[in-house]
Amino acid sequence: MAEKFHAELKTLKTETLEMAHLGRFMLRTAVDALIRQDKELAASVGARKDEIQSMEVRLEERCYQLIALNQPMAKDMRIIACTLKVITASLRIGRYGKVIANIVKKISDQPHIANLMSIPHMADLVMEMIDDVIEAYEKDTLAVISEFSARDDTIDALRQSIFREAITYMMEDPKSITRCTNYILVARYLERCADHACKIAENVHYMHTGERVEIH
Amino acid sequence: MSESAIITTNNVNLWYKEKQALESVSMKIPKNKVTALIGPSGCGKSTLLRCFNRLNDLIDNVKITGEIKLDNKNIHTPGTDVVMLRKKVGMVFQKPNPFPKSIYDNVAYGPRVHGVKDKAELDRIVEQSLHHAAIWEEVKDRLNDSALGLSGGQQQRLCIARTLAVEPEVILMDEPCSALDPIATAKIENLIELLKRDYTVIIVTHNMQQAARVSEYTGFMYLGRLIECGKTVQIFEHPKQELTENYITGRFG
């Protein structure tokens, strides 16, 4: 019986990784669409919304069934607890991708202000955090997430700097207000995605060691 | 364990002839708590349990070394009264084993052996013990019926009442639910929860969910050794030893 359960646990993890990759892909694609002002690409992100949502429902249900039928303990229990968090965070990251894609539709007819400020750089850093935390979950390793607190500080600082820069441009030229406000929003969404990566990192740490830590 | 210990074992080894069944077992059993012993078949958990009231003395060719203390007194010192020891450390077995007597006489048996003759006093002990074992309501109108007419779960609770009648300090339970259905099991588990107010309970069980449900402390044994012992929550959430982890997640055993 334990073998069957462990095989199911493995499948659960594989499918959760697929969902995490989809969430990451939606965010990356939305940011690329923003940079390239590509409305078609942005629309393709919105089209994946239902898919990631149904993945969330299906995988969460699977977790609850595995708990109900197997009463998992120790590492097995911690894997499921962590997986539930990965599922929720991946959905959120995917949804932020969709929200950013909606912004692309609104602001792509006018040129970028200051080359999108630090948004492309910030997005790269956030994507790296998401990639690393997915790897940490997949391989059950903590090495790639050891610097997450410092990396999250960098993300927070970038959001602040984009905020200040956008304000400056808005004061200079009221016609930039729509674009700059949306830049502030995008920076905020990216920062939230980094927070979700930190949340997953905390849970991977719990899965790996059984100890709770705070990463932010 | 920060709680005061009622039983302490120090480097206990036990052999059945040449076969070593316990190897350097050192542990503390906290007072008024439920401690569960888990581990695969043949790991020594029942043997260890039977050390606590020297039940292994009844088996030929058993050799024990090390120290077992109850209330800070070594139970192997020559002057130890084994009958008194077993009064203090009662035991409930895997299969309910009521005597072929009435319900009343089953419970009154122990007190009578220990010299209680007064009928009113015996009545009081029987009623109180049956109450404590959560079976009084079911048997109060048929105390003179044969105990063998009770269901398995009732028989097991009667055996617990019989143990309680001599006012033990510690109750040893060796797989007390493995011969019972889920409802009778739930009743015994509820009873264990009540018993720990007045007694120390040590339970051996194959059922890990049961150990997790009823105990505050858990010891995991493997091949005669105590691998890990600690708070039940810790053992089942993040055990320190890989062997414990592998056992409770069903990777062996």
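Below, chain A is the first sequence line, B the second, and so on; all start at residue 1. What you see is a predicted model, and the numbers here were worked out from it, not measured in a lab.
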Enclosure of A:Lys199 NZ (heavy-atom neighbours >12, cutoff 6.0 Å): no
Assess whether atom NZ of A:Lys49 is packed by more than 12 heavy atoms of other residues, nucleotides or ligands within 6.0 Å. no
Do you know which two heavy atoms are closest between B:His238 and A:Gly210, and how far apart they sit? CD2-O, 3.4 Å
Over 12 foreign heavy atoms within 6.0 Å of CD1, B:Ile183: no
What closest approach, in Å, do A:Met73 and B:Thr249 show between heavy atoms, and which atom pair accounts for it? O-CG2, 3.3 Å
Return yes when atom CD of B:Glu242 has more than 12 non-hydrogen atoms of other residues, nucleotides or ligands closer than 6.0 Å, and no otherwise. no
Donor-acceptor pair, B:Gln209 side chain versus A:Gln71 backbone, under 3.5 Å? yes
Using a 6.0 Å cut-off, check whether atom NZ of B:Lys240 has over 12 heavy atoms from anything other than its own residue. no
Please report the shortest heavy-atom distance between B:Pro239 and A:Ala74, naming the atom on each side. CD-CB, 3.6 Å
Would you say that more than 12 heavy atoms from the other residues, nucleotides or ligands in this model lie under 6.0 Å from the CZ of A:Phe163, or not? no
Please evaluate residues A:Lys75 and B:Ile248 with respect to the criterion side chain to side chain contact (heavy atoms under 4.5 Å, CB included), reporting the C-alpha separation (whole Å), side-chain torsions for both, the decisive distance (0.1 Å), and the verdict. CA-CA 9 Å; A:Lys75 186 70 175 262; B:Ile248 63 176; over 6 Å; no
Quick check for you: among B:Gln234, B:Met208, B:Glu237, which has the greatest number of heavy-atom pairs under 4.5 Å with chain A? B:Glu237
Are A:His6 and B:Arg251 packed together at the side-chain level, in the sense that at least one heavy-atom pair is separated by less than 4.5 angstrom? yes
